[in-house]
Q: 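Take this structure, written in structure tokens, and hold onto it; I'll ask about it next.
When a ligand or atom number is given, it counts from 1 through the structure's own listing order.
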Amino acid sequence: MVDLKGQYDEIKDLVNTSILEVLETTAYINGPKVHQFQKNLEHYLGVKHVIPCANGTDALQIAMMGLGLKPGDEVITADFTFAATVEVIALLQLTPVLVDVNPDDFNISIEAIKKAITPKTKAIVPVHLFGQCANMEAIMEIAEAHNLFVIEDNAQAIGATYTFKNGKKAQAGTMGHVASTSFFPSKNLGCYGDGGAIFTNDDALAHTIRGIVNHGMYERYHHDVVGVNSRLDSVQAAVLDTKLPHLDTYNNKRRAAATQYDEAFKNIEGITIPHRNGDGDSHVFHQYTLQVKGIDRDGLVKHLNEKAIPCGVYYPIPLHKQKAYVDSRYNEADFPVTNQLVKDVISLPMHTELDAEQIEFITSTIIKFING
Ligand SMILES: *Cc1c(COP(=O)(O)O)cnc(C)c1O
């Protein structure tokens, strides 16, 4: 699904030098590399504060802690996403409220959000799924009308942009009150271990969060709030700071691969290619995900595996049906889209090193399978 070795080989000397610098200086934790990467990412995103942390799941949890959400507060998020999103809501004893998504872009449904709001609702967590922003304009309007926080889960869409109706463009992760991201190796900006970050334009919230990531300390050995230990280590920061200048190139390569896939599949009956909102740089294709109808999806997965073509089903089970998150308040009739998507989606290899020949092999294998 990903080719991390090919990408490493291209920047090997730079990455190795940067990692060796960390080893030589022994500033393994909170070293200058972490600060440097933080500043460079703030500049890239156009956001006031980046707070690095240990992984994307922590980033979400810390963002919610920073907002002061309390047990029993309801947090609305998408039913069709990676479990980390709902996991941290539950872990903090907040009440997850899973809602359906759109059939075209797989992102949280605005109608479903509106329907799910109660007097207990305190926050909305849109997940910019597969590399494309949720409808942030509508989400921010709803949030303002109901006095809710918006926490963007930007683990899959770093470098994507969103265009508002007035033409203003913003980077994914800079529109809500706070955002989280992950630097897991296979993400669009990945390190060589675990890593994550929180973004916000709110000075006071940034201050609160900087303490939370460091055991609730604002002054050495004074613990004002209950915090956590969540750090991005300097070696990972060295990798990330080396890769950041390449992020747009990496995302362009993903988009180019997606375009070649699109061309091959666009006229094939039974296949729906991924919908792209907005203009050319809106989608950074963390995943390239087809919907297949009237085609044996699981048979296709098996066939591709036999041909040694990697593929994935993200996600095979709606979160509201996962044992950990079942809730008698949910009504199956409220999840028609997610319940269908889990049967129809298939994600194809997507990374920065795909070449035209590989894509041609993948697409022709799939088309041959469909044509029997
Ligand atoms: C990867 C991912 C996370 C979690 O990131 P980790 O760094 O693995 O903890 C959270 N949300 C979404 C949508 C993700 O894809």
Q: Return the closest protein heavy atom for atom 4 (C) of ligand 1 as residue, atom name and distance.
A: Thr57 OG1, 3.5 Å
Q: With respect to Leu60, determine whether any N or O atom, backbone or side chain, lies less than 3.5 Å from an N or O atom of ligand 1.
A: no
Q: Would His320 and Asp79 count as a side-chain hydrogen bond (donor to acceptor under 3.5 Å, both in side chains) if you check the C-alpha gap in whole Å, the side-chain angles of each, and the deciding distance to 0.1 Å?
A: CA-CA 6 Å; His320 80 274; Asp79 191 34; 2.7 Å; yes
Q: Give me the ring orientation class for Phe130 and Tyr315: parallel if the planes are under 30° apart, tilted from 30 to 60°, perpendicular past 60°.
A: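 Because their plane-to-plane angle is under 30°, the rings of Phe130 and Tyr315 count as parallel.
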Q: Hey, which atoms in ligand 1 end up nearer than 4.0 Å to a heavy atom of Val127?
A: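 Here the atoms of ligand 1 in question are 13 (C).
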Q: Can you see which heavy atom on Leu94 is nearest to which on Met64, and at what distance?
A: CD1-SD, 4.1 Å
Q: Which of the atoms of ligand 1 are close to Ala155, meaning less than 4.0 Å from one of its heavy atoms?
A: 2 (C), 3 (C), 10 (C), 11 (N), 12 (C), 14 (C), 15 (O)
Q: Would you mind checking if Asp344 and Arg297 are paired as a salt bridge, meaning a charged N to carboxylate O distance below 4.0 Å?
A: no
Q: Any idea which atoms of ligand 1 are less than 4.0 Å away from a heavy-atom of Thr81?
A: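 In order of number, 13 (C).
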Q: Quick one: which ligand 1 atoms are inside 4.0 Å of a heavy atom on Asn55?
A: 7 (O), 9 (O)
Q: Report the part of Asp153 in contact with ligand 1, treating N, CA, C, O as backbone and CB onward as side chain, heavy atoms under 4.0 Å; options are side chain, backbone, both, neither.
A: side chain
Q: What residues, two or more places apart in sequence or in another chain, satisfy side chain to side chain donor-acceptor pair (under 3.5 Å) together with Glu21?
A: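 Testing Glu21 for side chain to side chain donor-acceptor pair (under 3.5 Å), a comparison that skips the adjacent residues, returns Lys33.
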Q: Could you tell me whether Glu332 and Lys321 have a side-chain N and a carboxylate O separated by less than 4.0 Å?
A: yes
Q: Please verify whether a non-hydrogen atom of Lys187 lies at under 4.0 Å from ligand 1.
A: yes
